[in-house]
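Scope of the values below: all heavy atoms of this structure, side chains included, with no hydrogens, waters or symmetry mates. Chain letters run A, B, ... following the sequence lines, proteins first, then strands; residues in each count from 1.
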Number of protein chains: 2
Amino acid sequence: MALSDYPQPSVTADVIIFTMHEQDLHALLIQRKRPPFEGMWAIPGGFVDIDESLEEAAERELEEETGVRDVYLEQLYTFGEVNRDPRGRVITVAYFALVPADVVEPQAGDDATDARWWPVYDLPPLAFDHHDILGYALQRLRYKLEYTAVGFELMPEAFSLSELQAVYEGILAEELDKRNFRRKILNADVIEETGEYRTGEGRPAKLYRFRDDAVAEINARRLFP
Amino acid sequence: MALSDYPQPSVTADVIIFTMHEQDLHALLIQRKRPPFEGMWAIPGGFVDIDESLEEAAERELEEETGVRDVYLEQLYTFGEVNRDPRGRVITVAYFALVPADVVEPQAGDDATDARWWPVYDLPPLAFDHHDILGYALQRLRYKLEYTAVGFELMPEAFSLSELQAVYEGILAEELDKRNFRRKILNADVIEETGEYRTGEGRPAKLYRFRDDAVAEINARRLFP
DNA sequence: ACAAAAGTGTTGAGAGTACACCCATGC
DNA sequence: GCATGGGTGTACTCTCAACACTTTTGT
């Protein structure tokens with residue numbers, strides 16, 4: 001029995017691309033040029049080519065929209081409800097990516113009239129089931145933030161501790177104690193001083209960078225046992 | 001442009017089915033009846049029907065091999081390397097399932113000459129990339145065990161605390177302190193006494209059951225912040 | 001000198017970990 | 001009565017969470 005005797009759905013790779021902008025978490029969305037959902041905003045994505053892996057497809061989509069390579073990229077979930085796309089059976093493998101703050105200007109691809117960053121707490125209506133997918137990505141990001149060092153992937157090369165704290169507060173949607181935050185980050189030994197200072201209003205702030213060699217350990221307190 | 005103008009890979013759903021047997025973690029494997037990898041052991045799975053969702057496909061596979069429904073089932077990961085199947089481009093959405101100890105006798109489906117439980121620390125060679133997939137499933141299971149109550153899904157209806165501890169030790173591959181284990185489980189308020197006792201050698205053991213209403217909270221100690 | 005943001009320590013409570021002996025039953 | 005597995009409590013350590021003032025700069 002040949003493979004083609006089985007029904008073959010279409011497979012797409014969608015990439016939720018997060019960044020920080022003005023201390024708020026943003027996601028990159030494109031405005032669809034063609035039906036269905038013409039003119040609506042959507043998560044960037046496209047069909048998986050027959051000779052590229054899923055991850056390669058995701059990397060390609062990411063580069064088309066942002067021009068960046070080699071950023072944090074992780075498979076999120078595969079969405080395969082029967083009627084999620086009115087054109088037919090389309091299964092999408094969703095990825096999420098984290099790009100450093102303020103380095104990317106979105107580029108609209110062939111299939112889009114526009115592409116821009118949207119703050120995740122103030123999104124437009126989205127095409128397909130993309131609202132659910134984005135919500136799931138946000139949940140996963142927040143969750144990973146709590147037990148890995150993934151938050152640093154969203155920071156620029158150099159940053160102050162206050163800026164880092166503001167990012168964490170924005171994503172977690174809660175306020176954190178400054179002294180506890182600083183102690184915990186510094187004790188974790190994952191950042192180092194750059195020697196530079198950020199000047200502005202008030203006392204200048206020491207700048208830090210993420211240490212490449214610092215592999216942040218998962219350190220969860222077990223529920224059981 | 002129609003959907004069918006894009007190349008369409010085949011999509012399968014594979015299900016790693018775990019259970020406990022004689023206090024060791026086991027996975028259900030089938031022996032393939034047809035090429036490729038004829039006669040080799042493999043994770044059960046099959047093509048996703050055009051009018052069923054991914055989860056429905058996984059549930060169907062699970063029921064074909066075990067006869068059970070309504071057990072714990074979770075999407076694991078989607079594997080889509082280009083050459084993972086010699087027949088052509090096949091993307092597999094992997095799920096994993098947990099079935100209670102000693103309730104299932106495997107049933108070989110149409111595509112298998114045999115189906116049986118294998119202890120996960122002593123597996124035969126596996127077809128395709130199934131060794132990687134199973135390893136990934138095991139890692140995820142071990143990980144979830146540490147911060148959710150998912151371990152109970154592997155237990156029979158009634159169990160003693162020593163049996164439960166042995167299951168945890170088997171999966172985590174480490175020894176646990178009896179007094180600490182018992183205190184933590186009992187304080188978590190997720191099991192209740194059945195009133196029955198298990199008799200055998202030595203002092204009879206109180207039996208417990210999992211409380212349906214107990215939603216085990218995730219309670220991780222954050223790494224940051 | 002004052003406004004603005006950076007930086008800094010201590011204490012109390014709760015959870016985790018290590019550790020050794022008595023209890024109930026079957027043979 | 002003894003072998004077998006079930007069941008129990010305490011002390012120490014470590015991490016978390018709460019909390020307020022001083023320092024450095026620009027204007």
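- Taking atom CG on A:N180 and atom P on D:dA18, their separation rounds to 8 Å, with Å as the unit.
- Atom-to-atom, CZ of B:F159 to P of D:dG5 comes out at 20 Å; the value is rounded to the nearest Å.
- Between A:Y197 atom OH and D:dT25 atom C1' the separation is 12 Å, expressed in whole Å.
- Checking C:dA6, D:dT10, C:dG26 against the side-chain heavy atoms of B:T199 singles out C:dG26 as nearest.
- Rounded to whole Å, the distance from CG on B:D177 to P on C:dA15 is 18 Å.
- The base of D:dG7 sits with one of its N or O atoms less than 3.5 Å from a complementary donor or acceptor on the side chain of B:K178.
- Between B:N187 atom CG and D:dT8 atom P there is a gap of 12 Å when expressed in whole angstrom units.
- The 12-atom threshold is exceeded at CG of A:N187, counting heavy atoms of other residues, nucleotides or ligands nearer than 6.0 Å.
- Taking atom CD of residue B:E193 and atom P of nucleotide D:dG6, one finds them 15 Å apart after rounding to whole Å.
- In summary, B:E64 and B:R60 engage in a salt bridge, as defined by a charged side-chain N under 4.0 Å from a carboxylate O.
- Atom CG in B:L186 sits roughly 11 Å away from atom C1' in D:dG7 (whole-Å rounding).
- Relative to the side chain of B:P204, the nucleotides C:dG16, C:dT10, C:dT25 differ in distance, and C:dT25 lies closest.
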Donor-acceptor list for residues 115-123 of chain B side chains, cut-off 3.5 Å, not counting sequence neighbours:
{"unit_1": "B:W117", "atom_1": "NE1", "unit_2": "B:V104", "atom_2": "O", "d": "3.2"}
{"unit_1": "B:Y121", "atom_1": "OH", "unit_2": "B:R142", "atom_2": "NH2", "d": "2.9"}
{"unit_1": "B:Y121", "atom_1": "OH", "unit_2": "B:G170", "atom_2": "O", "d": "3.3"}
{"unit_1": "B:Y121", "atom_1": "OH", "unit_2": "B:I171", "atom_2": "O", "d": "3.4"}

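- At a cut-off of 3.5 angstrom, counting only N and O atoms as typed in the model, there is no donor on one side facing an acceptor on the other between the side-chain of A:R198 and the base of C:dA6.
- For A:R182 against C:dA6, no side-chain N or O and base N or O form a donor-acceptor pair under 3.5 Å.
- By the 4.0 Å N-to-carboxylate-O rule, A:D189 lies close enough to A:R211 to be salt-bridged with it.
- What separates CD of A:E201 from C1' of C:dA6 is a distance of 13 Å, to the nearest Å.
- Partners of B:K206 according to the side-chain contact (heavy atoms from CB on, under 4.5 Å) rule, which considers only residues two or more places apart in sequence or in another chain, are B:E193, B:Y197, B:Y208.
- Residue A:S162 places at least one side-chain N or O closer than 4.0 Å to OP1 or OP2 of C:dA6.
- Nearest-nucleotide positions on DNA chain D place B:G202 closer to the 5' end than the other of B:G202 and B:L207.
- In this structure, B:R179 and A:R179 both approach DNA chain C, and ranking their closest nucleotides by distance from the 5' end singles out A:R179.
- When each of D:dT24, D:dG5, D:dC16 is scored by its nearest atom to the side-chain atoms of B:R203, the top-ranked nucleotide is D:dG5.
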